[in-house]
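Have a look at the structure below, then the notes.
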There are 2 protein chains.
Amino acid sequence: MLSKSAEYALRATIYIALKGSEDNKLGIDEIATAIDSPQSFTAKILQLLTKNNNVVSSVRGPNGGFYLTDAARKLPVRAVLEAVGENGVLTKCVLGLKECSETRPCPMHEQYRTIKAQLRQMFEKTTIHDLAEETRKGKIVINNRLVKKK
Amino acid sequence: MLSKSAEYALRATIYIALKGSEDNKLGIDEIATAIDSPQSFTAKILQLLTKNNNVVSSVRGPNGGFYLTDAARKLPVRAVLEAVGENGVLTKCVLGLKECSETRPCPMHEQYRTIKAQLRQMFEKTTIHDLAEETRKGKIVINNRLVKKK
DNA sequence: TAAAATAAGGATAAAAATATCCTTATTTAG
DNA sequence: CTAAATAAGGATATTTTTATCCTTATTTTA
Ligand code: FES
Ligand code: FES
């Protein structure tokens, strides 16, 4: 469904939203460990997220690291996907035709339309904040281990 | 959403259902041209479809080619996806966690659940026959050109 | 101001997906 | 029985995605 890049981007962003703040910036090693992702690769992805859509903010040097602004927390999930170049799910044809349109639909278009609409809904109406809250509240998890209650 | 392999697999299968029959088998060159796909690669995929799930049937030699049995036409779309090793959309976690489960959900699980259910519905309830019929009836298209009415 | 900490960025590397090409096996028609 | 047609299958190539490593720039603190 999503690329590894997009998956790591989402998990990292959620984690940063959850644990970081302007005066508690998180280092790449902590983040990658927390979300079970390859560190250097995750660093690249965080670079994308800081460059595109201002999803993530970063500061170098001692006590530097990554955090989210309040504005960033209000961004929809889609902003994260866009930042890593993965918004195709919402626009592309399931059968891989060059165009997905009502006027030249493929045989799955009709059925896929409502699913695509729901995906769009999910990616546009849900904010980073929502996902972080969801995670904070429940027995929710963003890595492959059990979540540790603090 | 789907891999190229899966996209070609679906388009090819639909085309074969539409134009082929036991006594009008279709050659790989016709199929690949018709669905705008790379010929040799499509050949590989058809090999998978003949080996797995009996989605496609084939005969070598003069007047050989590919066709679908009546049984194959009744197969759900999912059988095609499975045959090319692409049924992960229905089982995997959107955020890429190793497990997708109710007991250890990720922060998107709740919202994604209903979408996944609809995807499953779509892939399991829709048959190859349905897609071919859909294509036969309307201004429906499985390549990147306009469909030619015969 | 020097040293340490940290992200940014560039250069590769490894793996997976996609694609092509060539040879082999099978089947049919003549 | 032979030749031609056609899919099967193996080997290889190309491209894209994923991943690692090393150097550079920035920032903070001592
Ligand atoms: S044309 Fe294929 S999904 Fe819209
Ligand atoms: S656990 Fe992530 S979608 Fe189910």
Side-chain angles (χ1 to χ4, degrees), chain A residues 1-13 15-16 20 22-33 35-52 54-68 81 83-86 88-89 92 96, chain B residues 1-13 16 20 22-33 35-52 54-68 81 83-86 88-89 92 95-96:
Chain A
M1 169 67 105
L2 299 177
S3 64
K4 285 288 170 199
S5 295
E7 293 170 355
Y8 299 151
L10 287 170
R11 303 222 300 267
T13 304
Y15 182 77
I16 297 169
E22 184 145 13
D23 41 46
N24 181 32
K25 310 193 191 76
L26 308 178
I28 181 59
D29 46 351
E30 171 180 354
I31 297 166
T33 301
I35 67 171
D36 275 338
S37 68
Q39 181 170 120
S40 302
F41 190 53
T42 307
K44 293 288 184 209
I45 290 164
L46 287 176
Q47 279 180 43
L48 288 175
L49 293 172
T50 56
K51 275 201 299 205
N52 306 130
N54 295 308
V55 178
V56 170
S57 306
S58 71
V59 174
R60 298 197 249 197
N63 295 313
F66 299 93
Y67 66 98
L68 298 192
L81 299 181
V84 297
E86 181 92 358
V89 214
K92 293 207 283 217
Chain B
M1 168 66 103
L2 299 178
S3 64
K4 286 288 169 200
S5 295
E7 292 171 355
Y8 299 151
L10 286 170
R11 306 223 297 268
T13 304
I16 297 169
E22 182 144 15
D23 42 45
N24 180 32
K25 310 194 191 74
L26 308 178
I28 182 60
D29 46 351
E30 170 179 356
I31 297 167
T33 301
I35 67 171
D36 275 338
S37 68
Q39 181 170 119
S40 301
F41 190 53
T42 308
K44 293 288 185 208
I45 289 163
L46 287 176
Q47 280 180 44
L48 288 175
L49 293 172
T50 56
K51 276 200 298 201
N52 306 130
N54 296 307
V55 177
V56 170
S57 305
S58 71
V59 175
R60 299 196 249 197
N63 296 311
F66 300 92
Y67 66 99
L68 297 194
L81 300 181
V84 298
E86 181 93 358
V89 213
K92 293 206 282 215
L95 297 193

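Here is how names work: the chains are called A, B, and so on, in the same order as the sequence lines, proteins then strands, and each is numbered from 1.
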Quiz item: Base, backbone or nothing for each nucleotide of nucleotides 24-30 of chain D, written B, S, -, heavy atoms under 4.0 angstrom, 5' to 3'?
Solution: -BBBBS-
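- Rounded to whole angstrom, the span from the CG atom of B/L48 across to the P atom of D/dA8 amounts to 10 Å.
- For the segment residues 37-47 of chain A, residues with any heavy atom less than 4.0 angstrom from an atom of DNA chain D are, sorted by number, A/P38, A/S40, A/F41, A/K44.
- OP1 or OP2 of D/dA19 sits under 4.0 Å from a side-chain N or O of A/Y8.
- Comparing C/dT18, D/dA7, D/dT18 by their nearest atom to the side chain of B/F66 picks out D/dA7.
- Between B/S5 and C/dA17, a side-chain N or O to OP1/OP2 separation shorter than 4.0 Å is absent.
- Here B/S58 reaches the OP1 or OP2 of D/dA8: one of its side-chain N or O atoms lies under 4.0 Å away.
- Side-chain N or O atoms of A/E86 include one that pairs as donor or acceptor with a backbone N or O of A/S3 at under 3.5 Å.
- For the residue pair A/T42 and A/S37, a side-chain donor N or O sits within less than 3.5 Å of a side-chain acceptor on the partner.
- Between the CG atom of A/L81 and the CG atom of A/L10 there is a distance of 5.0 Å, given to the nearest 0.5 Å.
- Residue-to-nucleotide proximity on DNA chain D shows that, of A/L2 and B/I28, the 5′-proximal contact is made by B/I28.
- Atom NZ in A/K4 sits about 16 Å away from atom C1' in D/dT16, given to the nearest Å.
- What separates CG of A/D29 from P of D/dC21 is a distance of 15 Å, to the nearest Å.
- Per the geometry, CG belonging to B/D23 stands 18 Å off P belonging to C/dT27, to the nearest Å.
- Rounded to whole Å, the distance from NZ on A/K51 to C1' on C/dG9 is 8 Å.
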